[in-house]
Peer 1: 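Pasting a structure below so you can have a look.
All residue numbers refer to positions in the sequence shown, counting from 1.
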Amino acid sequence: MSLITGQNFIGGQRRADGSIIVKSVDASTGETLPYSFHQATPQEIDDAARAAACAFPAYRSLSAVKRADFLDAVAEELDALDAEFIELVCRETALPAARIQGERARTSGQMRLLANVLRRGDFYGARIDRALPQRKPLPRSDIRQYRTAVGPVAVFGASNFPLAFSTAGGDTASALAAGCPVVFKAHSGHMATAEQVANAILRAAESCGMPAGVFNMIYGTGVGEALVKHPLIKAVGFTGSLKGGRALCDMAAARPEPIPVFAEMSSINPVLILPEALANRAEIIAKELVASVVQGCGQFCTNPGLVIGIRSEAFSAFQASVATLINDQPAQTMLNVGTLRSYNDGLQHLHAHPDIVHLAGSKQQGNQAQPQLFKADISLLLEGAEILQEEIFGPTSIFVEVADRVQLNAALNALHGQLTATLIGEPDELLEFAELTALLELKVGRILINGYPTGVEVCDSMVHGGPYPATSDSRGTSVGTLAIDRFLRPVCLQNYPDSLLPDALKDANPLNILRLVDGYPSRDTL
């Protein structure tokens, strides 16, 4: 493991100009770790953005294959991080070693998957409409389109995924794949981890001959605002709270040149349990549901925070079974003191509401989170009460009973935007309730049948996004290969000689990619 210096990464160099020192903490004990991190000064923030902007022309002009080789090299460096690194991440996050090892594999896997996207070339979105000089009444020029990088991207590290959604996580990987240099804001909860991963990225950049400034990283509290407002930053990637994401969106929109913020923010991920499934396998569903609620101390953006069922004796019995299982679950250490404080605040709001009943869970005490279970009156959802729409980040869930199928549909219509929704049902009743899919498609980015939302596969088809407030832009995803789309924009070239066209649009199709030519998919030369 490399020496931890606590210095900012700017233009391929290390900088520690500022006098403000921030410290890393052992998440389990609260002990201050022996590392000092230098908060970036305004000048260092400016220099980091300028370094990324300086690297942009050369980096975006590299062939997709060379960028793919860079991503693969990053993946290799991540996989090579040793047991001492795993131990460090565990200390900063209180997450178990097996979770960190799995998350590291996911992080390197994301890099390799996006490298494959670059090599196959579909991200270009190449379109060619050849000239029609004889067309009447007016001829058509030769018009060609492809997609190119938007420019330097600011990425904010997430608290709950110190690897997969942080320094070399999905936002960084997709920005680098698109051809965008990155300025990364390290999360205060795992700064030592961030430095070790940043070192891995820079080793890969140097071995692949990437331009200095392709990846930069800054530390500190309050430095994000200056980064988002910097005129050379062209897009932002963020995973975190609704409050934090909305603040960044507002800052970016208020700039003289507004820029997009791709923020994943808040989701309660409803689970709908249909009657026949409940009748056939209530005990199994109860165990699976509780396992999903408490997995990772509930610190997932896909944690099932709302469980909806049609009122019946079976559903009442099911709630009692889940309550018993919740009472049997042990307390767990959360990522940091701030996360535990937010969890406790959310629970207090639920306890204080007259239309919400506490069903299970020991009283919160000490520095660990106790799993909890509540039941809310359906009127809260139907009347638009915000308390049921607000994510409680931790191991808790809320039951809601609906009177019938009509009220179930009304409840779904009342939901805000979500990352996921889950349908638990038998094959015949899923057909009977087929209209639920159409309703949920308006509300969520991913719909699951007979599964649980905790666990997001990294693949071409995955959507990890959804309507506001799940994300700030429901047209994108932060997981899967379409994540690259967020940092690309279309460019049209008209009447260009073949010699000046990018390879993706040349007549000979030297990249051998699938293109839309005069309205038809083709790999042919022209």
Peer 1: Would you name the heavy atoms of Q299 and T333 that are closest together and state the gap between them?
Peer 2: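 Scanning both residues completely, I find the closest heavy atoms to be NE2-O, 4.4 Å.
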Peer 1: Please round to the nearest 0.5 Å and tell me the distance separating atom CD of Q295 and atom OG1 of T454.
Peer 2: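 Interatomic distance, Q295 CD to T454 OG1, rounded to 0.5 Å: 4.5 Å.
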Peer 1: Taking all non-hydrogen atoms of both residues, which atom of R119 and which atom of D69 are closest, and how far apart?
Peer 2: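 Smallest interatomic distance, heavy atoms only, reads NH2-OD1, 2.8 Å.
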Peer 1: How far does CG of L81 sit from CG of L163, to the nearest 0.5 angstrom?
Peer 2: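 The distance works out to 8.5 Å.
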Peer 1: Testing the 3.5 Å rule here: is there a donor-acceptor pair between the side chains of S342 and D345?
Peer 2: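 No - no donor-acceptor pair under 3.5 Å links their side chains.
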Peer 1: Just by modelled atom types, is the A177 backbone N or O under 3.5 Å from a matching donor or acceptor in the R67 side chain?
Peer 2: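 It does hold such a pair.
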Peer 1: Side-chain contact test, heavy atoms from C-beta onward, threshold under 4.5 Å: evaluate it for N509 versus I513 and give yes or no.
Peer 2: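 Counting from C-beta outward, N509 and I513 do come under 4.5 Å.
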Peer 1: Any side-chain heavy-atom pair from L493 and P502 closer than 4.5 angstrom?
Peer 2: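 Sidechains of P502 and L493: in contact.
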Peer 1: Ignoring hydrogens, what is the shortest heavy-atom contact between T302 and R446? Give both atom names and the distance.
Peer 2: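 That closest heavy-atom pairing would be CG2-NH2, 4.0 Å.
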Peer 1: Spell out, as yes or no, whether a donor-acceptor pair under 3.5 Å connects the side chain of Q332 to the backbone of V294.
Peer 2: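 Indeed, once roles are kept as given, a pair shorter than 3.5 Å links the two residues.
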Peer 1: For D79 and A105, indicate whether the former's side chain and the latter's backbone hold a donor-acceptor pair under 3.5 Å.
Peer 2: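 Pair absent, no side-chain N/O of D79 close to backbone of A105.
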Peer 1: How far apart are the C-alpha atoms of E435 and R405, what are their side-chain angles, what is the distance that settles it, and do they pass the side chain to side chain contact (heavy atoms under 4.5 Å, CB included) test?
Peer 2: CA-CA 11 Å; E435 79 277 2; R405 185 168 179 165; 2.9 Å; yes
Peer 1: Using side-chain heavy atoms (C-beta onward) and a distance below 4.5 Å, is T481 in contact with F123?
Peer 2: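 Not in contact.
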Peer 1: Rounded to the nearest 0.5 Å, how far apart are CG of N216 and CZ of R50?
Peer 2: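 The CZ atom of R50 is 13.0 Å from CG of N216, to the nearest 0.5 Å.
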Peer 1: Checking side-chain polar atoms at under 3.5 Å, does Q418 have a donor or acceptor matched by the opposite partner on S267?
Peer 2: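 Short answer, yes.
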Peer 1: Evaluate the criterion side chain to side chain contact (heavy atoms under 4.5 Å, CB included) for residue pair I128 and L505; output intermediate values, then yes/no.
Peer 2: CA-CA 7 Å; I128 297 173; L505 298 178; 4.2 Å; yes
Peer 1: Does any non-hydrogen side-chain atom of I447 lie less than 4.5 Å from one of E441?
Peer 2: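 SC-SC contact between E441 and I447 confirmed.
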Peer 1: Near L431 CG, under 6.0 Å, is it more than 12 heavy atoms from other residues, nucleotides or ligands?
Peer 2: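 Yes, CG of L431 has more than 12 neighbouring heavy atoms, counting only those of other groups under 6.0 Å.
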Peer 1: Can you name the ring-ring contact (aromatic ring centres under 6.0 Å, His included) partners of F161, sequence neighbours left out?
Peer 2: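 For F161, the residues satisfying ring-ring contact (aromatic ring centres under 6.0 Å, His included) (neighbours in sequence not counted) are F165, F300.
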Peer 1: Stepwise, does the side chain to side chain contact (heavy atoms under 4.5 Å, CB included) test hold for L272 with F433?
Peer 2: CA-CA 11 Å; L272 286 63; F433 284 83; over 6 Å; no
Peer 1: Hey, is the main chain of C301 close enough, under 3.5 Å, to the side chain of N269 for a donor-acceptor pair?
Peer 2: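 Yes, N269 side chain to C301 backbone: donor-acceptor pair under 3.5 Å.
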Peer 1: Would you say that S478 contacts R486 through its side chain, given a criterion of any heavy-atom pair below 4.5 Å between the two side chains?
Peer 2: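 S478 vs R486: side chains touch.
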Peer 1: Could you tell me if the side chain of I268 sits less than 4.5 Å from the side chain of L415, heavy atoms only?
Peer 2: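 Answer yes - side chains close enough.
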Peer 1: Which heavy-atom pair separates M217 from A198 by the least distance, and what is that distance?
Peer 2: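 The answer is CE-CB, 3.7 Å.
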Peer 1: Are D250 and R246 ion-paired here, with the side-chain N under 4.0 Å from a carboxylate O?
Peer 2: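 Result for this pair is yes, salt bridge flagged.
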Peer 1: Would you say the side-chain atoms of S108 pair up with the backbone N or O of A75, donor to acceptor, closer than 3.5 Å?
Peer 2: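 A pair under 3.5 Å: no.
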Peer 1: Looking at every heavy atom in both A48 and I218, which two are closest together, and how far apart are they?
Peer 2: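 Looking at all heavy atoms of both residues, the closest pair is CB-CG2, 4.2 Å.
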Peer 1: Okay, side chain of E103, backbone of A164: is any donor-acceptor separation there less than 3.5 Å?
Peer 2: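 Judged by distance alone, yes, a pair lies under 3.5 Å.
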Peer 1: Rounded to the nearest 0.5 Å, what's the gap from CD1 on I45 to CG on L227? Could you check?
Peer 2: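 Rounded to the nearest 0.5 Å, the CD1-CG separation comes to 7.0 Å.
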Peer 1: By ring-ring contact (aromatic ring centres under 6.0 Å, His included), which residues pair with F70, not counting sequence neighbours?
Peer 2: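 Not a single residue meets the ring-ring contact (aromatic ring centres under 6.0 Å, His included) criterion with F70.
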Peer 1: Could you tell me which residues satisfy ring-ring contact (aromatic ring centres under 6.0 Å, His included) with Y452, sequence neighbours excluded, listed by chain and number?
Peer 2: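 If we apply the ring-ring contact (aromatic ring centres under 6.0 Å, His included) test to Y452, skipping adjacent residues, there are no hits.
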Peer 1: Quick check against the 3.5 Å criterion: does T477 have a side-chain atom that pairs as donor or acceptor with the backbone of L482?
Peer 2: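 Such a contact is absent between T477 side chain and L482 backbone.
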Peer 1: To the nearest 0.5 Å, what is the distance between CE on M334 and CZ on F393?
Peer 2: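 So the CE of M334 and the CZ of F393 are separated by 6.5 Å.
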Peer 1: Kindly determine whether L242 and E390 satisfy side chain to side chain contact (heavy atoms under 4.5 Å, CB included), including the steps that lead there.
Peer 2: CA-CA 9 Å; L242 176 58; E390 295 172 350; over 6 Å; no
Peer 1: Is there a donor-acceptor pair closer than 3.5 Å between any side-chain N or O of T93 and the backbone N or O of L335?
Peer 2: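 Judged by distance alone, no pair lies under 3.5 Å.
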Peer 1: Which heavy-atom pair separates A149 from L488 by the least distance, and what is that distance?
Peer 2: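 It is N-CD2, 4.0 Å.
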Peer 1: Sub-3.5 Å donor-acceptor pair from the side chain of S292 to the main-chain atoms of L289, do we have one?
Peer 2: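 No; zero donor-acceptor contacts below 3.5 Å.
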Peer 1: Is the backbone of A277 close enough, under 3.5 Å, to the side chain of E429 for a donor and an acceptor to pair up by distance?
Peer 2: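 Side chain of E429 to backbone of A277, a donor-acceptor pair under 3.5 Å: yes, one is there.
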Peer 1: Nearest 0.5 angstrom please: F399 CZ to I308 CD1, how far?
Peer 2: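 One gets 11.0 Å once the value is rounded to the nearest 0.5 Å.
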Peer 1: Considering the options F156, F487, F238, which one meets the ring-ring contact (aromatic ring centres under 6.0 Å, His included) requirement together with F262?
Peer 2: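 It is F487; the other options fail the test.
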Peer 1: Can you find a pair of side-chain heavy atoms, one from R255 and one from I233, that are under 4.5 Å apart?
Peer 2: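 Yes, at least one pair of side-chain atoms sits under 4.5 Å.
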Peer 1: Taking only Lys NZ, Arg NE, NH1 and NH2, and the carboxylate oxygens of Asp or Glu, determine whether R147 and D122 approach each other closer than 4.0 Å.
Peer 2: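 Salt bridge: no.
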Peer 1: Report, as yes or no, whether the 6.0 Å neighbourhood of atom CZ on R104 holds more than 12 heavy atoms from other residues, nucleotides or ligands.
Peer 2: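 Counting neighbours around CZ of R104, more than 12 heavy atoms of other residues, nucleotides or ligands fall under 6.0 Å, so yes.
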Peer 1: Could you check whether any side-chain heavy atom of E92 comes within less than 4.5 Å of a side-chain heavy atom of P162, counting everything from C-beta outward?
Peer 2: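 A side-chain contact under 4.5 Å is absent here.
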Peer 1: One thing to verify: whether R475 and D485 come together as a salt bridge, which I'm taking to mean a side-chain N less than 4.0 angstrom from a carboxylate O.
Peer 2: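 Salt bridge absent between D485 and R475.
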